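To keep things clear, I will list the structure first and then write my remarks on it.
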Protein chains: 2
Amino acid sequence: MPVPPSGPPLGLQLAETARTVSRAFDEALSTVGGSRPAWQILMALKNRPTANQRELATAVGIRGATLTHHLDAMESDGLLTRRRDPNNRRVHLVELTERGERSFHTMREAAVAFDQRLRRGLPPEEIERLSELLARLRDNVTDEEDGTDHSTNRH
Amino acid sequence: MPVPPSGPPLGLQLAETARTVSRAFDEALSTVGGSRPAWQILMALKNRPTANQRELATAVGIRGATLTHHLDAMESDGLLTRRRDPNNRRVHLVELTERGERSFHTMREAAVAFDQRLRRGLPPEEIERLSELLARLRDNVTDEEDGTDHSTNRH
DNA sequence: TATTGTTATACTCTATAACTATA
DNA sequence: TATAGTTATAGAGTATAACAATA
């Protein structure tokens, strides 16, 4: 079985980078009292105000029960409210509070600062290139049209 | 406060890519009965056979207690043995068993296959470039010589 | 019955603190 | 006392399964 001659497995480098960077990113957020899940949920809410939870969970990439878990914490922190949709009382509309707005902006600043740190020494073309490469990696790992059998229906 | 004009925060894209790719990588390993921590520990062991646990933990980037946790599982799976170092009986030497060797090779194949999937459509120069960019990102996030105050002595 | 969300429970990875055994 | 490792415990993030409320 021919093995690619290229150096250390890309997957490994990537996993390592992923871990290192994610850790630093999480830490940057927790410094301002945030967390990655909260940040992603807040962003999803900014994109679609008064979203229901199914939409949110999908946007954030987690399961409904996991979302509930985070929303409970964020609600008791006063970042958001949940209320029934009058049109369909099964649906809970999630909305940001004033405090949630402020928290979002604070986290956004932390994320931007983190970005600047991350970009140090990388000219814009490189950033652009990296951005494309990352998108490509996501696609490569998400798609399943490639002949080989990963019998993994995405969970 | 000037904010970089560039699109979606790089940190976010990266976190998202990291999560997606890490998840897929973890799944690729678990398909062959492995896991990321086990894989990293096995690799560290291949690099320095009969390492002690302090060295291993450092190589893998986790705490001693966390390593013990994983080693317990791997030992009861028969992948490795721990025995006292006769020269310094405080030290536990960790060594791969036959079965550990096999497991390593299986995981390595899974990692290589994952890599090929990850590389799809990326010519070697791009991979090389990506590899450098990733290293750069790790450095940017690991270093602390940049004026700003992250009072984070690396844990 | 189907859909939306919650509750109960558990798993994985990680960590800190207190402990044991050596030195 | 200092060092190597383990045990006890906890916390964050995630998941599945069973449930309640609504349609």
Side-chain angles (χ1 to χ4, degrees), chain A residues 15-16 18-20 22-27 29-30 33-41 50-77 80-95 152-155, chain B residues 15-16 18-20 22-27 29-30 33-41 50-77 80-95 152-155:
Chain A
E16 186 50 30
R19 208 189 44 160
T20 305
S22 290
R23 227 175 238 194
F25 187 57
D26 291 352
E27 191 185 314
L29 289 177
S30 79
S35 70
R36 183 176 42 70
W39 163 239
Q40 290 186 269
I41 290 166
T50 76
N52 71 41
Q53 296 188 199
R54 246 177 37 79
E55 291 170 341
L56 279 182
T58 302
V60 172
I62 57 181
R63 292 312 179 94
T66 304
L67 180 64
T68 296
H69 177 70
H70 294 303
L71 290 183
D72 286 349
M74 295 171 75
E75 189 170 30
S76 61
D77 284 351
L80 50 82
T81 58
R82 280 179 282 192
R83 63 182 176 81
R84 300 257 183 197
D85 182 343
N87 300 324
N88 178 349
R89 290 183 42 77
R90 284 178 303 194
V91 169
H92 289 200
L93 297 177
V94 178
E95 290 167 319
T152 60
N153 17 18
R154 60 194 70 179
H155 15 243
Chain B
E16 185 51 30
R19 207 190 43 160
T20 306
S22 290
R23 226 174 240 195
F25 187 57
D26 290 352
E27 191 184 313
L29 288 177
S30 80
S35 69
R36 184 177 44 69
W39 165 238
Q40 289 186 270
I41 290 166
T50 77
N52 72 41
Q53 296 189 199
R54 248 178 34 81
E55 292 171 339
L56 278 182
T58 301
V60 172
I62 58 180
R63 292 313 180 92
T66 305
L67 180 65
T68 295
H69 176 71
H70 294 303
L71 291 183
D72 286 349
M74 294 171 75
E75 189 170 31
S76 61
D77 284 353
L80 49 83
T81 57
R82 279 180 281 194
R83 62 182 177 84
R84 300 257 183 197
D85 182 344
N87 300 323
N88 178 349
R89 290 184 42 75
R90 286 177 303 192
V91 169
H92 289 199
L93 298 176
V94 179
E95 290 168 318
T152 61
N153 17 19
R154 58 195 73 179
H155 14 244

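Computed from heavy atoms alone, side chains included, the values below leave out hydrogens, waters and symmetry copies. Within every chain, numbering begins at 1; the chains are lettered A, B, ... in the order of the sequence lines, protein sequences first and strands thereafter. Worth saying up front: this structure is predicted, and the values here are computed from it rather than measured.
Listed here is the closest heavy atom pair of L67(A) and A57(A): CD2-N, 3.7 Å. D72(A) and R82(A) make their closest contact through OD1-NH2, 2.6 Å (heavy atoms, listed as atom of the first residue, atom of the second, distance). Counting all heavy atoms, side chain and backbone alike, L93(A) lies closest to T50(A) at CD2-O, 3.6 Å. Heavy-atom minimum distance, D85(B) versus N87(B): OD1-N, 2.8 Å.
Atom-to-atom, CZ of F25(B) to P of dC13(C) comes out at 13 Å; the value is rounded to the nearest Å. Residue R83(A) contributes atom CZ, which lies 13 Å from atom P of dG5(C) at whole-angstrom precision. What separates CZ of R36(B) from P of dT12(C) is a distance of 13 Å, to the nearest Å. A straight line from CZ of R19(A) to P of dC13(C) spans 12 Å, rounded to a whole angstrom. We find that CG of D26(B) is positioned 13 Å from P of dT14(D), with the value rounded to whole Å. Distance, M74(A) CE to dG13(D) C1': 14 Å, rounded to whole Å. Rounding to whole angstrom units, CH2 of residue W39(B) and P of dC13(C) are separated by 16 Å. Protein atom CZ of R63(B) is 15 Å distant from nucleotide atom C1' of dA10(D), rounded to whole Å.
OP1 or OP2 of dT14(C) sits under 4.0 Å from a side-chain N or O of H70(B). Q53(B) has a side-chain polar atom (N or O) that falls below the 4.0 Å cut-off from OP1 or OP2 of dT6(D). Listed pair H92(B) / dT6(D) meets the phosphate criterion, a side-chain N or O lying under 4.0 Å from OP1 or OP2. When the side-chain nitrogen and oxygen atoms of T66(B) are compared with OP1 and OP2 of dC13(C), none of them lie within a distance under 4.0 Å. Side-chain N/O atoms of R54(B) include none lying less than 4.0 angstrom from OP1 or OP2 on dG5(D).
Rounding to the nearest 0.5 Å places CD1 of I62(B) at 8.0 Å from CZ of R19(A). For the atom pair CD of E95(B) and OG1 of T81(B), the computed distance is 5.0 Å after rounding to the nearest 0.5 Å. Rounded to the nearest 0.5 angstrom, E55(A) CD and T58(A) OG1 are separated by 8.0 Å.
S30(A) contributes a side-chain N or O that, together with a main-chain N or O of E27(A), makes up a donor-acceptor pair within less than 3.5 Å. For the pair R36(A) (side chain) and D26(A) (backbone), a donor-acceptor distance under 3.5 Å is absent. Counting only distance, with no hydrogens or angles, the side chain of Q40(A) and the backbone of P37(A) share no donor-acceptor pair below 3.5 Å. R89(A) places no side-chain N or O within donor-acceptor distance of the main-chain N or O of R84(A), the cut-off being under 3.5 Å.
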Between protein and nucleic acid, restricted to nucleotides 17-20 of chain C and to nitrogen or oxygen atoms under 3.5 Å apart, what atom pairs and distances do you find?
none

Protein-nucleic acid N or O pairs under 3.5 Å, nucleotides 21-23 of chain D:
residue, atom, partner, partner atom, Å
dT22(D), OP1, R89(A), NH2, 3.3
dA23(D), OP1, R89(A), N, 2.8

Could you give me the CA-CA distance, side-chain angles and deciding distance for L71(A) and V94(A), then say whether side-chain contact (heavy atoms from CB on, under 4.5 Å) is met?
CA-CA 9 Å; L71(A) 290 183; V94(A) 178; 4.0 Å; yes
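End-to-end axis angle of the helix from dT1(C)-dA23(D) to dA23(C)-dT1(D), using five pairs per end and rounding to 10°, comes to 30°.
Nearest nucleotide to the side chain of P37(B), out of dG13(D), dC13(C), dT6(D): dC13(C).
Backbone-only contact: I62(B) has heavy atoms under 4.0 Å from sugar-phosphate atoms and none from a base.
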